[in-house]
Amino acid sequence: MSVSSSFKVRRIVRILKKKYGKIPWWPGDCDEVMIGAILTQQTRWENVRRALDELHRKDLCTLSAIRFADMTALEDAIRCTGFYRMKARRLKCLAVFVEVTCGGVERMAVMSTPALREGLLSVHGIGEETADSILCYGFSRPSFVIDAYTDRIMRCIGVTEPRNRLKPLFEGVLAETDEAYRQTHAHIVEYAKEFCIQKRCETCILVNSSG
DNA sequence: GACCAGGTCCTTG
DNA sequence: CAAGGACATGGT
């Protein structure tokens with residue numbers, strides 16, 4: 001990766017930290033994080049929150065419950081997140097992986113990060129972003145999450161690395177702790193929601209600020 | 001009514 | 001292997 005890109009990333013991380021400070025993000029237990037990670041695919045968080053509340057109301061907000069849940073009941077509960085048929089199937093796949101393949105969350109918690117990541121990626125419907133979200137926010141592992149917002153902001157500030165290089169780029173710049181990864185990703189999402197909602201980034205403090 | 005949302009998988013050329 | 005489409009509801 002280029003020195004220039006590392007420099008730019010280092011700089012925006014510092015600016016965003018100063019702007020937002022410590023923000024709480026993705027509270028909830030491990031099961032809720034994993035379920036939310038599937039539901040948030042291509043979906044606004046507000047709708048995911050509503051679906052999670054509905055799942056709680058129906059006692060379906062654990063993977064052990066989802067594993068045997070009625071498919072229609074599951075689909076109904078998550079309908080407001082869109083892609084609800086597909087997501088219901090993905091939740092079932094995740095439930096089987098967690099409860100059967102791994103033998104429960106406690107077993108997952110003692111797996112090595114690479115093994116856990118590989119296992120998650122083997123689940124149908126879990127790609128890199130979802131896997132890293134689960135690792136970082138659910139299991140407190142330092143695996144940085146690259147999402148559409150991150151990619152967009154990098155373009156805004158002139159970092160030209162392809163998307164698949166961004167993860168190592170950030171991990172090379174940040175202190176290698178799950179907390180640093182969580183905060184920085186949260187800052188990026190917060191900033192993106194505030195300024196970079198559209199493809200264009202007209203009011204980008206990241207470009208003009210002397211930071 | 002058009003367009004987009006914190007992706008992933010499958011099919012084509 | 002890059003590009004395009006499907007999945008689906010809810011908000012602006």
Side-chain angles (χ1 to χ4, degrees), chain A residues 9 12-13 16 20 23-28 30 32-55 71-98 117-139 141 143-156 160-167 169-171 174 178 180-203 206:
Chain A
V9 169
I12 68 147
V13 166
L16 291 178
Y20 294 112
I23 48 184
W25 222 54
W26 222 331
C30 192
E32 185 176 307
V33 170
M34 289 193 277
I35 294 164
I38 297 278
L39 296 182
T40 199
Q41 291 172 353
Q42 194 67 17
T43 303
R44 295 177 183 283
W45 181 256
E46 301 77 61
N47 294 332
V48 174
R49 187 64 258 168
R50 284 200 284 158
L52 288 173
D53 292 341
E54 184 63 15
L55 287 170
M71 204 57 178
T72 306
L74 184 56
E75 289 178 354
D76 284 347
I78 67 174
R79 187 176 301 272
C80 65
T81 68
F83 305 124
Y84 61 91
R85 285 178 172 288
M86 193 188 54
K87 284 174 179 175
R89 286 194 295 268
R90 290 179 178 181
L91 287 174
K92 287 279 188 183
C93 291
L94 176 60
V96 169
F97 172 74
V98 171
R117 188 167 197 271
E118 190 182 353
L120 287 167
L121 287 175
S122 75
V123 178
H124 186 91
I126 294 188
E128 304 240 333
E129 179 180 338
T130 307
D132 288 331
S133 294
I134 290 173
L135 285 168
C136 197
Y137 289 92
F139 289 92
R141 308 298 179 91
S143 196
F144 194 77
V145 180
I146 300 296
D147 55 19
Y149 287 162
T150 316
D151 192 46
R152 231 177 266 172
I153 290 183
M154 290 304 100
R155 306 295 159 237
C156 286
T160 55
E161 261 75 1
R163 184 168 175 160
N164 64 351
R165 294 304 313 279
L166 295 180
K167 180 178 166 71
L169 179 55
F170 272 88
E171 293 184 346
L174 293 170
D178 52 291
Y181 287 15
R182 280 194 296 275
Q183 284 298 312
T184 299
H185 177 233
H187 291 157
I188 286 171
V189 172
E190 201 61 30
Y191 178 80
K193 285 199 291 195
E194 195 171 348
F195 296 105
C196 287
I197 302 169
Q198 297 301 324
K199 206 176 164 193
R200 252 188 210 296
C201 191
E202 286 124 355
T203 55
L206 304 176

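Chain letters run A, B, ... following the sequence lines, proteins first, then strands; residues in each count from 1.
- Proximity of a side-chain donor or acceptor of A:Thr40 to a complementary backbone N or O of A:Gly36 within less than 3.5 Å is not detected.
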Dot-bracket for DNA chain B, please, read 5' to 3', with Watson-Crick or G-U wobble pairs under 3.5 Å on both distances, ( ) within the strand, [ ] crossing, | other strand, . unpaired. .||||.|||||||

Would you give a per-nucleotide map of nucleotides 2-8 of chain C, 5' to 3', where B means the base has a protein non-hydrogen atom under 4.0 Å away, S means only the sugar-phosphate does, and - means neither? -----BB

Can you check side chain to side chain contact (heavy atoms under 4.5 Å, CB included) on A:Thr184 and A:Leu16, steps first, answer last? CA-CA 8 Å; A:Thr184 299; A:Leu16 291 178; over 6 Å; no

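- Comparing C:dG10, B:dG7, B:dA5 against the side chain of A:Arg152 picks out B:dA5 as the nearest.
- Note on A:Glu54 versus A:Arg50: no salt bridge recorded, every NZ/NE/NH1/NH2 to OD/OE distance being 4.0 Å or above.
- Per the geometry, CG belonging to A:Asp76 stands 11 Å off P belonging to C:dT9, to the nearest Å.
- A donor-acceptor distance shorter than 3.5 angstrom exists from the side chain of A:Gln183 to the backbone of A:Ile23, with no hydrogens or angles considered.
- Residues A:Lys167 and A:Glu128 are not paired through a salt bridge, judged by the lack of any N-O separation under 4.0 Å between the basic side chain and the carboxylate.
- Proximity of a side-chain donor or acceptor of A:Thr43 to a complementary backbone N or O of A:Gln41 within less than 3.5 Å is detected.
- Backbone-only contact: A:Arg50 has heavy atoms under 4.0 Å from sugar-phosphate atoms and none from a base.
- For C:dA8 and B:dG1, the P atoms lie 23 Å apart once the distance is rounded to whole Å.
- Nucleic acid contact for A:Glu46: none, since no nucleic acid atom lies under 4.0 Å from a heavy atom of the residue.
- Applying the salt bridge (Lys or Arg N to Asp or Glu O under 4.0 Å) criterion to A:Arg49, with sequence neighbours excluded, gives A:Glu32, A:Asp53.
- Residues A:Leu174 and A:Val9 are not in side-chain contact: their nearest non-hydrogen atoms beyond the backbone lie 4.5 Å or more apart.
- For the residue pair A:Asn47 and A:Thr81, no side-chain donor N or O sits within less than 3.5 Å of a side-chain acceptor on the partner.
- Heavy atoms from other residues, nucleotides or ligands lying under 6.0 Å from CZ of A:Arg85 number 12 at most.
- The interatomic distance linking A:Asn164 (CG) with B:dT8 (C1') rounds to 16 Å, in whole Å.
- Remark: A:Tyr181 engages A:Phe144 in a ring-ring contact (aromatic ring centres under 6.0 Å, His included) (not counting sequence neighbours).
- Rounding to whole angstrom units, CG of residue A:Asn47 and C1' of B:dC4 are separated by 12 Å.
- Note on A:His185: a base of the nucleic acid sits closer than 4.0 angstrom, heavy atoms only.
- Summarising the geometry, the separation between CD on A:Glu54 and C1' on C:dG10 is reported as 16 Å, rounded to the nearest angstrom.
- Residue A:Arg44 places none of its side-chain N or O atoms closer than 4.0 Å to OP1 or OP2 of B:dC3.
- One P atom belongs to C:dG10, the other to B:dT8, and the distance between them is 22 Å to the nearest Å.
- If you check every strand for non-hydrogen atoms under 4.0 Å, A:Ile38 touches nothing.
- Closest approach to the A:Glu129 side chain among C:dG10, B:dG7, B:dA5 is made by B:dG7 (side chain taken as heavy atoms from C-beta onward).
- Whole-Å rounding puts the A:Arg49 CZ to C:dG10 C1' distance at 17 Å.
- Between the CD atom of A:Gln41 and the P atom of B:dC9 there is a distance of 8 Å, rounded to whole Å.
- Heavy-atom distances under 4.0 Å link DNA chain C to no residue of residues 130-137 of chain A.
- Looking at A:His185 and A:Asp147, their side chains do bring a donor and an acceptor atom within 3.5 Å of each other.
- Atom pair A:Lys193:NZ and C:dT12:P shows a separation of 13 Å (rounding to whole Å applied).
- For A:Glu118, the salt bridge (Lys or Arg N to Asp or Glu O under 4.0 Å) test picks out no residue, with sequence neighbours left out.
- Projected onto DNA chain B by closest heavy-atom contact, A:Val189 and A:Gly125 fall at different nucleotides, the more 5' of which corresponds to A:Val189.
- We find that CD1 of A:Ile146 is positioned 17 Å from C1' of B:dT8, with the value rounded to whole Å.
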